[in-house]
Amino acid sequence: MKAEELKTKLVEILSGAGLNYENFNVFPSAKKEFGDFSTNIFLKIKQTEKNISIKKLIILIQKNAWMKENFEKIEEKNGFLNFFLKDSIVYSVINEILSKKQDYGRSDSGNKKKVLIEFVSANPTGPLTIAHGRQAAFGEALSRILAFSGWQVTKEYYLNDCGRQMELLGISLKSHYLKIRGMPAEIPQDGYHGEYLKEIAKKLPDGYEKKESGFFEGLAKQEIMTMIKDDLREFGVVFDRWFSEAELRKSGRVEEVIRMLEEKGLIYEKDDAIWFKSTLYGDDKDRVIRKKDNSYTYLAPDIAYHQYKINRGYDLLINLWGPDHAGYVARIKAAVNALGFSPEKLQIIIVQLTTLYRGKEKISMSTRKGQFITLKQLMDEVGPDAAKFFFLFRKADSHLDFDIEIARKKTEENPVYYIQYAYVRAKHILEFAKEKGIDQKDIAGADFSLLREPIELDILKKLKKFPSIVQQAATTVEVSKIAPYILDLSGTFHSYYQKFRVVDENLKKSCARTALVQCLFIVMHTGLELLGISQPEKM
RNA sequence: GCGCUUGUAGCUCAACAGGAUAGAGCGUUAGCCUCCGGAGCUAAAGGCUGUGGGUUCGACUCCCACCAAGCGCGCCA
């Protein structure tokens, strides 16, 4: 049961009593002594309806058949109404999980609507950094969660493969190439000085000395793209589509969208440049889309890109951006709006930066000096799973402190190992039970009412919450709900394990407990899967 | 200077659309291995939610001011 279900029921009961009232909350109880669900319904009602008998309403609710069916006890305390679930209702989650298996928690709340998630989208001018890593982890997990919740998800990478930065990349590679062969060459001051480019230059065959920098640009793009794709694959992220800005420009869509805006009277000329009246749609100031020298600013193709994305039939666009693009949200939303689409169609999530630490020591990074930790380096050091877990544990818009030392540790300090240990431990118990002759039939047919320990009911209630945790993550587009949930579940399980034996001489009880462990195992499996974290066989 | 994000236990963070006595983990301290994996468990200590006002039955949450940190504020991407 979900809180909304209970609320709907309460609204129904109220209206049956002639009260049309919906302005109240139903939420999971903050404490055990407050039961399983609580509502502030009476605190709210009292504000507007002065002459209502609360006592009568309580009795009305208590007498309702559905309430009687689901709740052991419904009581009023400190103005709140607290609901205590019947154990039998709690046990029902076991059958539900055992029958749905890996689909437990799946829903169709997305109604098969199409969503396009665009993320990472790093310029192909260098290796992915940890900032991209966090976006990659977040985008991948969000995709999985939305797909699990009934959305049709497409993952797309927008490739800024033209413009000044790419030119510079070509020039830089050529200079590296010439220098390695002992020829005079200078890498431009604002060019790319990183080691990776030198490596690429070394691999190239002789005979390219006379080639234009544009030739090198193509080579560099090719090589770096391969590097990026390899890193992403190792990180467990595969995109459905790589969308090239160069091709977008070739297609004529940029001119087309500017013409559209012009027809709407949203374009004007000033100081030899062409401007978009974004202020009409809530931006701070108008933006240049074509410069004095007739070339486009980055905004022009971006508007075209967003228009094209929507025209491809997506109901929702989600962009993951770094905080350096935060100031850019207003203008692109203005553009989407100006093109006649609701700005709600575009949801932009700012994924905040990550600061790396090695214990107490902060690792300072500077892209300009070529001093940065790449995603590859991070994966090599702590492994993809630990990296993903830490990236996904915090809200996207919170700054993240990532301590490499902790992520490397194989002790209780490291939550990744704590969780994976719980998972492996559960798996091991299931294997042990199997060895002892407990099979799936015994598990499904077990007498669950033998699970009487408070901690057993506690685990079941937590398992029961899983679908709404997923749901919440999907509707709020906030991946960070999942990891703490799994961590909490792991903790409760470790504690249970310590205190009680699952498989022993008491066969009936062993079967019931094995069923419990199997359910927990399934939920943990799905949870880890949604985060893109691997489920180890052993440790 | 303006804008966005953030400020909660020693540290890293929770707290559902304003709800009950602000919760976890780590670290610290004191304990627990004949037993399905101790990479684990149990317990204790630890707080004027950055500061000062306001809104109300009720504020970590909303409003105003201030303080501190990070990031933006280009005819760069």
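Per chain, numbering begins at 1; letters A, B, ... match sequence-line order.
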Answer yes if the side chains of [X] and [Y] hold a donor-acceptor pair under 3.5 Å, and no otherwise.
X      : Y      : answer
A:Y496 : A:E456 : yes
A:S109 : A:S149 : no
A:E75  : A:N82  : no
A:H325 : A:N319 : no
A:Y305 : A:E156 : yes
A:D36  : A:S29  : no

Using whole Å, report how far [atom1] of [X] lies from [atom2] of [N].
X      : N      : atom1 : atom2 : value
A:K395 : B:rG7  : NZ    : P     : 7 Å
A:K462 : B:rA24 : NZ    : P     : 10 Å
A:Q420 : B:rG40 : CD    : C1'   : 15 Å

- Item | Touch class at under 4.0 angstrom, heavy-atom based, for A:N123 against every strand present |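 Touches sugar-phosphate only.
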Taking atom [atom1] in both [N] and [M], compute the distance separating them and give it to the nearest angstrom.
N      : M      : atom1 : result
B:rA68 : B:rG46 : C1'   : 24 Å
B:rG7  : B:rU51 : P     : 13 Å
B:rA9  : B:rG53 : C1'   : 27 Å
B:rU49 : B:rU61 : P     : 10 Å
B:rA15 : B:rU8  : P     : 14 Å

Are OP1 or OP2 of [N] and a side-chain N or O of [X] less than 4.0 angstrom apart?
X      : N      : value
A:S495 : B:rU42 : yes
A:K285 : B:rG74 : yes
A:S490 : B:rG40 : no
A:R425 : B:rG38 : yes

Identify the nucleotide, in any strand shown, that forms a Watson-Crick or G-U wobble pair with [N], with both distances under 3.5 Å; if there is none, say none.
N      : result
B:rA39 : none
B:rG23 : B:rC13
B:rC66 : B:rG50
B:rU34 : none
B:rA44 : B:rU28
B:rC2  : B:rG72

- What nucleotide among B:rU12, B:rC35, B:rA77 has an atom nearest to a side-chain atom of A:D401?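 Given the options B:rU12, B:rC35, B:rA77, the side chain of A:D401 is closest to B:rU12.
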- Query: Do A:F34 and the base of B:rA20 stack face to face, with centres under 5.5 Å apart and an angle between planes under 30°?
  - Reply: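 Aromatic stack with B:rA20 present for A:F34.
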- Message: With the stacking rule set at 5.5 Å and 30°, tell me whether A:Y497 counts as stacking on B:rG40.
- Response: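 The base of B:rG40 is not stacked with A:Y497 (the test needs centres under 5.5 Å and planes under 30°).
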- Would you mind telling me which residue lines up with the more 5' stretch of RNA chain B, A:Y328 or A:Q165, judged by nearest nucleotide?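 By nearest-heavy-atom nucleotide position, the 5'-most residue is A:Y328.
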- Query: Which sits closer to the 5' end of RNA chain B, A:E245 or A:F432, going by the nucleotide each is nearest to?
  - Reply: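 First, find each residue's nearest nucleotide; the 5'-ward one identifies A:F432.
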- Query: If anything within 90° of 0 is syn and all else is anti, what is B:rC26?
  - Reply: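 Because its glycosidic torsion lies more than 90° from 0, B:rC26 adopts the anti conformation.
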